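Reckoned from all heavy atoms, side chains included, excluding hydrogens, waters and symmetry mates. Since the structure is predicted, the reported quantities are computational estimates derived from the model, not experimental observations.
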4 protein chains.
Amino acid sequence: MHYQSILQRVYDDAAGLLGEGKVADYIPALGRIPPDKLGIALHGLDGLDAAVGDANERFSIQSVSKLFSLTLAMRTVGEDLWKRLDREPSGNAFNSLTHLETERGIPRNPFINAGAICVADVLLSALGDVKRELRQFVSELCGEAVSYQAEVAESERRTGFRNAALANFLKSFGNLHNDVDAVLDVYFHQCALAMSCQELARAAAFLANDGISPADGLPVVTERQARRINSLMLTCGTYDAAGEFAFRVGLPCKSGVGGGIVAVVPDTLCVAVWSPALGPSGNSVAGFRALECFVGETGLSVF
Amino acid sequence: MHYQSILQRVYDDAAGLLGEGKVADYIPALGRIPPDKLGIALHGLDGLDAAVGDANERFSIQSVSKLFSLTLAMRTVGEDLWKRLDREPSGNAFNSLTHLETERGIPRNPFINAGAICVADVLLSALGDVKRELRQFVSELCGEAVSYQAEVAESERRTGFRNAALANFLKSFGNLHNDVDAVLDVYFHQCALAMSCQELARAAAFLANDGISPADGLPVVTERQARRINSLMLTCGTYDAAGEFAFRVGLPCKSGVGGGIVAVVPDTLCVAVWSPALGPSGNSVAGFRALECFVGETGLSVF
Amino acid sequence: MHYQSILQRVYDDAAGLLGEGKVADYIPALGRIPPDKLGIALHGLDGLDAAVGDANERFSIQSVSKLFSLTLAMRTVGEDLWKRLDREPSGNAFNSLTHLETERGIPRNPFINAGAICVADVLLSALGDVKRELRQFVSELCGEAVSYQAEVAESERRTGFRNAALANFLKSFGNLHNDVDAVLDVYFHQCALAMSCQELARAAAFLANDGISPADGLPVVTERQARRINSLMLTCGTYDAAGEFAFRVGLPCKSGVGGGIVAVVPDTLCVAVWSPALGPSGNSVAGFRALECFVGETGLSVF
Amino acid sequence: MHYQSILQRVYDDAAGLLGEGKVADYIPALGRIPPDKLGIALHGLDGLDAAVGDANERFSIQSVSKLFSLTLAMRTVGEDLWKRLDREPSGNAFNSLTHLETERGIPRNPFINAGAICVADVLLSALGDVKRELRQFVSELCGEAVSYQAEVAESERRTGFRNAALANFLKSFGNLHNDVDAVLDVYFHQCALAMSCQELARAAAFLANDGISPADGLPVVTERQARRINSLMLTCGTYDAAGEFAFRVGLPCKSGVGGGIVAVVPDTLCVAVWSPALGPSGNSVAGFRALECFVGETGLSVF
């Protein structure tokens with residue numbers, strides 16, 4: 001397929017939705033991003049790259065980072081991770097505390113906030129300097145030196161009371177082994193990673209390749225672990241809209257409130273989109289449409 | 001691939017789990033099924049059939065029927081169906097009333113009981129004689145005359161107080177338009193359909209074929225509707241174990257407490273398994289294993 | 001105290017609220033009651049009666065009947081009753097199913113609908129003809145032959161899907177021993193009892209008198225049981241407004257959506273009010289005010 | 001009545017339960033209290049005092065302090081307090097976060113932890129040095145200089161993750177105006193107040209006296225506010241056992257996990273009990289029995 005011209009058509013279609021939705025504004029650093037940004041990039045297992053729009057501009061990846069922290073945790077501690085959290089759809093909001101209470105501090109999956117905080121705690125116990133290790137891990141995955149946006153991390157910390165509630169709640173059930181503030185510091189930093197669509201598409205390419213980095217042929221995770229991550233993305237990766245994404249996109253996806261979404265086409269490629277304005281489910285409006293259109297153009301849904 | 005020999009290896013592997021789990025015994029007609037039954041059948045889009053074990057023995061398909069009632073409703077009323085129910089994973093037990101209360105009578109998806117009862121109500125409004133229409137529809141799909149097990153339907157009715165609670169609860173929110181008993185009569189009958197693995201694999205083959213029946217080339221549903229059903233099966237088709245199925249099997253599946261599971265390999269084939277003993281999540285123990293093994297042997301996961 | 005003139009002042013004050021609130025209209029027989037009705041009656045342990053306004057007009061007592069069915073059940077089966085239901089405030093709506101699910105079919109208290117349905121089931125197991133026995137019991141308590149409003153009972157039955165859901169839900173947990181329809185028939189009839197304020201004040205007088213009927217000196221329930229009922233009325237007797245009633249009235253009360261409320265002043269008297277227009281909590285607006293004013297005039301709060 | 005001999009009989013009866021229950025051990029300072037302590041004291045509005053057992057030994061009053069912080073908040077900010085929290089029974093555990101999520105950060109009442117933390121926040125906004133003001137307020141109420149047990153406050157802080165979760169959760173809803181740590185510091189200190197039964201009985205005596213301190217005849221709160229507090233104690237003062245206390249004791253009570261309970265007999269007296277071993281509901285086993293026995297001996301229930 002001629003991906004560059006496909007991406008252009010996808011861009012033209014999705015650009016029609018610019019102006020809809022609302023940029024996340026719970027912290028100033030996100031709120032001031034122009035809502036009309038739109039970037040799309042793909043990275044094929046054959047080495048092919050294609051990109052349109054703002055595909056090279058870095059943005060705050062926010063919850064997309066949960067994908068990388070989960071991957072790092074799985075390759076660091078293996079199956080032990082699942083003693084600490086479950087792997088099923090939650091059916092509640094991403095920041096809900098309700099299930100956590102009835103399920104005695106075991107988060108439903110690693111992509112709701114409670115789960116990602118738990119993953120950060122696991123990493124903190126296993127690695128020395130998680131912030132450095134995670135940044136380095138993601139940099140190696142995408143082949144570029146990514147960095148944290150300090151202002152974003154600091155704003156998240158200052159306003160992240162719901163996450164502080166979740167972390168303390170986990171701790172009250174014995175499911176947070178490190179100091180609450182130390183875990184939240186890791187968590188707020190991972191949310192503040194800045195990457196471009198091109199970097200995201202490359203960084204997640206191992207998920208389309210049975211766990212092996214297409215860049216160097218080395219395993220990032222096992223084939224089985226890659227399948228686990230993909231299945232989690234499909235069932236839990238896009239907040240309360242997982243069912244809708246599964247239908248309209250039909251690919252494992254992970255989204256963030258910064259407006260980024262990364263999607264995996266097994267055995268073929270990864271595609272990343274970015275547009276800051278969000279719909280009611282917290283997913284990028286134009287990004288969601290771009291992925292839907294991409295699948296329509298290429299037939300690359302898993303279904 | 002030489003599917004017959006693959007199925008034989010899958011059978012041998014899964015048979016090792018016979019003896020584990022527990023046959024559903026909430027009604028006598030299910031409770032007396034020998035727990036060591038195991039059948040596997042597949043039907044390829046190329047017309048190929050393969051089968052091992054008890055693949056030709058009919059069993060009570062129970063919740064697998066939700067797949068067929070949903071399909072019939074989608075082709076009968078189209079998009080209007082989604083005014084009555086949602087399409088997201090529930091995160092609660094299949095027979096839970098909790099979400100229904102906070103969400104004002106809108107079931108989370110058509111595969112939890114409340115959703116399937118709502119679908120039965122939609123069918124009752126749209127078709128004259130739903131029991132006849134549904135049986136005929138499924139018979140046409142699989143090319144055999146299937147039938148209801150009257151004893152099962154009657155037992156379900158006599159003991160189905162949780163379902164009666166759900167139906168009345170829906171009615172109290174105005175989301176059941178017909179008489180409660182009439183709707184439950186349809187619902188209990190659809191659960192009492194008896195089919196074999198071979199019949200199930202054929203009946204669901206249109207889902208692997210973009211909505212078109214491979215038998216006669218006629219559309220059962222649109223391509224888009226088929227994708228909707230497949231995505232629902234993957235995210236919601238196996239009770240509380242959807243995440244685990246997505247990982248270990250990686251295919252759209254629909255299971256029932258009779259021990260049957262049907263799985264779709266898009267563009268390729270359908271496979272159906274049956275073994276009556278259930279695990280804690282209400283899914284067939286040996287059936288689940290057989291599907292996992294089948295995907296391992298063939299690499300036919302969507303991930 | 002000169003109660004007649006006190007009641008007149010209370011009436012004048014509460015009449016100022018006529019015009020506020022809304023008559024229950026989920027069944028026609030309730031919806032057509034004029035909203036400007038207001039009656040107040042008291043019956044002292046010394047035999048004194050006082051009454052103003054529409055105190056002699058019979059109305060549908062609805063949930064006030066839960067007081068009498070509970071009393072009849074306590075005197076019939078004694079402590080065994082509490083194997084079937086709990087005695088704590090629910091914190092949820094009177095017709096909620098949520099607690100019932102997490103608490104495995106044990107209603108929180110006998111004044112939420114689930115609890116009252118369970119009490120009706122207990123009575124049905126213990127007595128032959130509950131409808132007759134209950135009517136006779138209440139008639140003896142108030143010294144007048146009360147009766148069921150057949151139209152109300154029939155309307156409740158035709159529209160009572162939430163109650164049917166609760167009954168079936170209880171049955172699914174094994175906490176309903178009789179046929180669902182038979183239990184609901186009892187329940188819908190008890191809600192359809194018609195009594196006047198004067199009759200209500202007399203019927204509940206034993207609760208102010210340590211369980212002994214002031215009319216004939218015979219025990220209705222034990223002193224301990226009377227205390228149990230009074231404490232339940234105070235903590236759970238007025239739907240979601242129990243805390244507000246405890247503060248503003250400070251007496252054990254039981255209310256109904258027909259607009260009636262009966263209140264107990266231990267060792268002194270019973271007072272009953274009726275005005276059909278309800279506030280957001282489902283309690284009579286003018287009735288609530290009348291009780292608050294009565295306590296203000298007399299100082300007869302328990303606090 | 002000859003209260004001294006009554007208290008002796010009550011003591012003898014309740015002492016039979018010493019050995020049952022379990023001392024709270026979530027912090028060492030509580031865990032090492034001997035479980036066989038038992039003290040009872042009463043203070044009459046006529047100035048009469050009576051006491052038996054360990055009635056003069058100070059203990060950690062824990063949640064009984066919520067009574068004093070609520071009183072201080074009501075007299076400081078008046079009705080504005082109720083913009084921040086509700087006044088109804090919760091139906092959930094005292095430290096549950098569930099209701100807080102569905103009710104958008106408004107605690108059900110001031111006696112669950114979320115409510116008491118909210119009250120502490122209100123005090124922090126209104127008063128300069130809350131710890132000093134509260135200690136001084138309680139000291140004036142009981143006529144003795146009470147003090148904080150620094151070790152208890154520090155242990156609560158080190159282990160109080162559930163409370164930190166609640167405070168952060170309130171903050172995330174905008175219902176905590178001050179710094180989380182500052183509010184928790186106040187809250188953990190108030191829980192660490194040490195008082196004896198005699199001091200408690202005197203400190204709460206204004207609640208039996210329409211809000212007026214019997215010691216100096218000055219108003220602590222208005223009559224209406226006193227009634228509000230008493231009604232809250234009766235409906236919400238004893239964790240999940242409010243219904244059981246209302247029945248078996250029938251007095252407004254407030255309990256704490258230190259094993260103390262204070263009870264109000266309106267217009268007559270206050271009685272305070274202390275025994276550290278707790279039952280399943282978190283209330284003192286021997287203390288509960290002592291109150292039940294006291295009411296049985298004196299007939300001083302409100303019902």
For this session: Could you please state which residues from residues 66-79 of chain D sit under 4.5 angstrom from chain C, measuring non-hydrogen atom to non-hydrogen atom, sorted by number, or 'none'?
Result: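 Under the 4.5 Å heavy-atom cut-off, nothing qualifies.
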Problem set entry | Point-to-point distance, once rounded to the nearest 0.5 Å, from CG of C/L251 to OG of D/S231 |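 Between atom CG of C/L251 and atom OG of D/S231 there are 11.5 Å.
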Exercise. Non-hydrogen atoms of chain C under 4.5 Å away: do they reach the side chain of D/N109, the backbone, both or neither?
Worked result: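 Neither part; nothing is under 4.5 Å.
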Problem set entry | Any side-chain heavy-atom pair of C/L234 and D/F303 under 4.5 Å |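 Yes - at least one pair of side-chain heavy atoms lies under 4.5 Å apart.
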Exercise. What are the two closest heavy atoms between D/P89 and C/G243, and how far apart are they?
Worked result: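 Shortest heavy-atom contact: CD-N, 4.1 Å.
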Problem set entry | Best-contacting candidate, D/E88, D/R227, D/E244, against chain C by heavy atom pairs under 4.5 angstrom |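 Looking at each of D/E88, D/R227, D/E244 in turn, D/E88 comes out on top.
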Exercise. With respect to chain C, which residue among D/L232, D/D267, D/T235, D/V265 yields the maximal number of heavy-atom pairs within a distance under 4.5 Å?
Worked result: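 Ranked by contacts with chain C, first place is D/T235.
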Exercise. Step by step, would you call D/R224 with C/F247 a side-chain contact (heavy atoms from CB on, under 4.5 Å)?
Worked result: CA-CA 9 Å; D/R224 193 175 161 83; C/F247 164 55; 3.7 Å; yes
Exercise. In terms of heavy-atom pairs under 4.5 Å, which option from C/V302, C/L207, C/D240, C/I229 contacts chain D the most?
Worked result: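 Max contact count across the listed options: C/V302.
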For this session: Return the option, out of C/A241, C/A208, C/C236, C/P252, with the maximum number of heavy-atom pairs under 4.5 Å with chain D.
Result: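 With the most close heavy-atom pairs to chain D, the winner is C/A241.
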